[in-house]
Amino acid sequence: MTSWSFIKSDLTDQDLFIDCRSQTQFQESTLKGAYYFPFVKKAFASDPESQKKMLGPIEEILNLAKKDNKTRILVFDEGMGMFAARLVTLLRAAGFANCFIFGQRWPITGPLEKGTKILEPGPVAKIRKLEGIVDKAFLEKNLTRLQIFDTRTQEEYEGKMPRLTAPEPGSLCGRLPGAFLWDWRMLYDASGELLDKTLFNKKLRTFPFMAERTTVIYDYNGARSSLLSLMLKEVGYNDVNVYIGSWFEWRKSSLPKQAVSVYGQAGPSTGAPRVGGAERK
């Protein structure tokens with residue numbers, strides 16, 4: 001039984017189900033009545049037009065819950081992973097607090113059917129503030145006052161590759177200045193379950209962070225960050241934010257960067273990873 005309240009393992013008639021696995025998996029078999037929104041796997045910048053495209057599906061999910069009289073939204077992927085966490089984070093940021101990751105691993109227990117409800121709504125007309133989601137302008141203004149977690153892999157953090165999946169030659173590698181590495185895979189134990197709160201807090205204390213300070217988390221596209229965001233909020237961090245543009249957006253800007261290199265060319269120019277408050281040699 002999980003110790004995290006953002007994970008639920010029961011099913012009720014009042015649940016709206018969102019499948020965050022691949023579209024092929026969804027079409028083969030999913031929870032009865034589940035929807036699939038392709039946007040959850042896409043990278044978004046934090047400019048107004050990108051935000052409108054991201055908000056469109058979020059508004060559609062909220063409308064579906066209201067129309068179908070659903071009081072809870074359950075989101076799932078293969079097993080409490082980054083895309084389910086991303087959608088839960090976004091829906092909570094939009095004000096739907098009764099949204100959770102479904103805690104069963106696939107194949108899951110429940111009524112199944114072939115998935116057909118694939119929705120990709122267009123952009124909304126107006127941007128609205130998402131609580132706990134920050135943009136590039138916020139980081140640019142507050143960069144030196146933030147405590148920042150990078151939830152990518154060590155190879156990405158060290159500037160050896162631009163992203164974990166399908167890195168493209170010629171892409172810029174590196175990290176945000178002052179960020180500390182917490183590889184998102186280290187949020188799980190050896191059996192693939194999320195760390196319990198006691199062990200998570202023990203690991204958290206190795207970082208020179210304070211619960212009352214503004215914390216920003218990023219990765220490549222704001223997905224891996226979301227799980228750490230949910231965990232930090234639950235253990236008492238007061239001001240936790242996901243940078244939705246993440247390295248996908250930051251790498252294209254003229255803003256400061258560390259451990260910079262071009263994938264497929266020379267190695268990174270500066271910086272050793274800061275893990276748990278120490279420089280690793």
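Fair warning: this is a prediction, and the values are worked out from it, not measured in the lab.
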Legend entry - Chi angles and distances behind the salt bridge (charged side-chain N to carboxylate O under 4.0 Å, His left out) call for K70, D68: CA-CA 5 Å; K70 302 297 186 182; D68 296 340; over 6 Å; no
Cluster check [X], [Y]: I/L/V/M/F/W/Y, side chain < 4.5 angstrom:
X    : Y    : result
L255 : F248 : yes
F200 : L227 : yes
W184 : F76  : no

Legend entry - Whether over 12 other heavy atoms sit under 6.0 Å from E212 CD: yes
Legend entry - NZ/K141: more than 12 non-hydrogen atoms of other groups inside 6.0 Å: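 Open: at most 12 neighbouring heavy atoms sit under 6.0 Å from NZ of K141.
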Legend entry - Parallel, tilted or perpendicular: ring planes of F37 versus F39, cut at 30 and 60 degrees: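 Rings of F37 and F39: perpendicular, as their planes differ by over 60°.
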Is there a donor-acceptor contact under 3.5 Å from the side chain of [X] to the main chain of [Y]?
X    : Y    : value
N98  : T71  : yes
S225 : V242 : no
E155 : K160 : no
N142 : F138 : yes
E249 : F44  : no
S171 : Y263 : no
D15  : T12  : yes
T89  : A85  : yes

Inset, instruction - For the pair F26 and Y36, evaluate ring-ring contact (aromatic ring centres under 6.0 Å, His included) and give the outcome as yes or no after the intermediate values. - result: CA-CA 7 Å; F26 169 77; Y36 181 80; 5.4 Å; yes
Could you tell me whether [X] sits above the aromatic face of [Y], with NZ or CZ closer than 6.0 angstrom to the six-membered ring centre and within 45 degrees of the axis?
X    : Y    : value
R152 : Y157 : no
K41  : F83  : yes
K197 : W4   : yes
K203 : F207 : no
R92  : F100 : yes

Give a yes-or-no answer on whether the side chains of [X] and [Y] include a donor-acceptor pair shorter than 3.5 Å.
X    : Y    : answer
S246 : N221 : no
E234 : S5   : yes
T215 : Q147 : yes
Q27  : T116 : no
D196 : S3   : no
T153 : D183 : no

Inset, instruction - Step by step, work out the side-chain contact (heavy atoms from CB on, under 4.5 Å) result for W247 and E156. - result: CA-CA 10 Å; W247 186 250; E156 292 169 279; over 6 Å; no
Legend entry - Between W182 and F149, ring centroids under 6.0 Å: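 Yes, ring centres under 6.0 Å apart.
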Inset, instruction - Check whether the ring centres of F180 and F209 lie less than 6.0 Å apart, and answer yes or no. - result: yes
Inset, instruction - Decide yes or no on side-chain contact (heavy atoms from CB on, under 4.5 Å) for W250 and K136, but give the supporting numbers first. - result: CA-CA 7 Å; W250 194 269; K136 179 163 61 71; 4.2 Å; yes
Inset, instruction - State, yes or no, whether a side-chain contact exists between Q23 and P38 at a heavy-atom distance under 4.5 Å. - result: yes
Inset, instruction - Report yes if some heavy atom in the side chain of Y218 is under 4.5 Å from a heavy atom in the side chain of R175; otherwise report no. - result: yes
Inset, instruction - Taking only Lys NZ, Arg NE, NH1 and NH2, and the carboxylate oxygens of Asp or Glu, determine whether E59 and K52 approach each other closer than 4.0 Å. - result: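 Salt bridge absent between E59 and K52.
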Which heavy atom of [X] sits nearest a heavy atom of [Y], and at what distance?
X    : Y    : answer
T30  : G115 : CG2-CA, 3.7 Å
A211 : G236 : CB-O, 3.8 Å
P162 : C173 : N-SG, 3.4 Å
F96  : A65  : CE1-CB, 4.2 Å
A259 : E158 : CB-O, 3.6 Å

Identified side chain to side chain contact (heavy atoms under 4.5 Å, CB included) counterpart of [X] within the set [options]:
X    : options            : value
I101 : L74, D77, V88, L87 : V88
I217 : D150, N241, L232   : L232
F102 : D10, V75, I108     : I108

Inset, instruction - Could you go through the side-chain contact (heavy atoms from CB on, under 4.5 Å) check for L130 and M54 one step at a time? - result: CA-CA 11 Å; L130 295 178; M54 184 183 73; 3.8 Å; yes
Inset, instruction - Quick one: do L139 and V134 satisfy side-chain contact (heavy atoms from CB on, under 4.5 Å)? Show the steps, please. - result: CA-CA 8 Å; L139 270 86; V134 296; 3.7 Å; yes
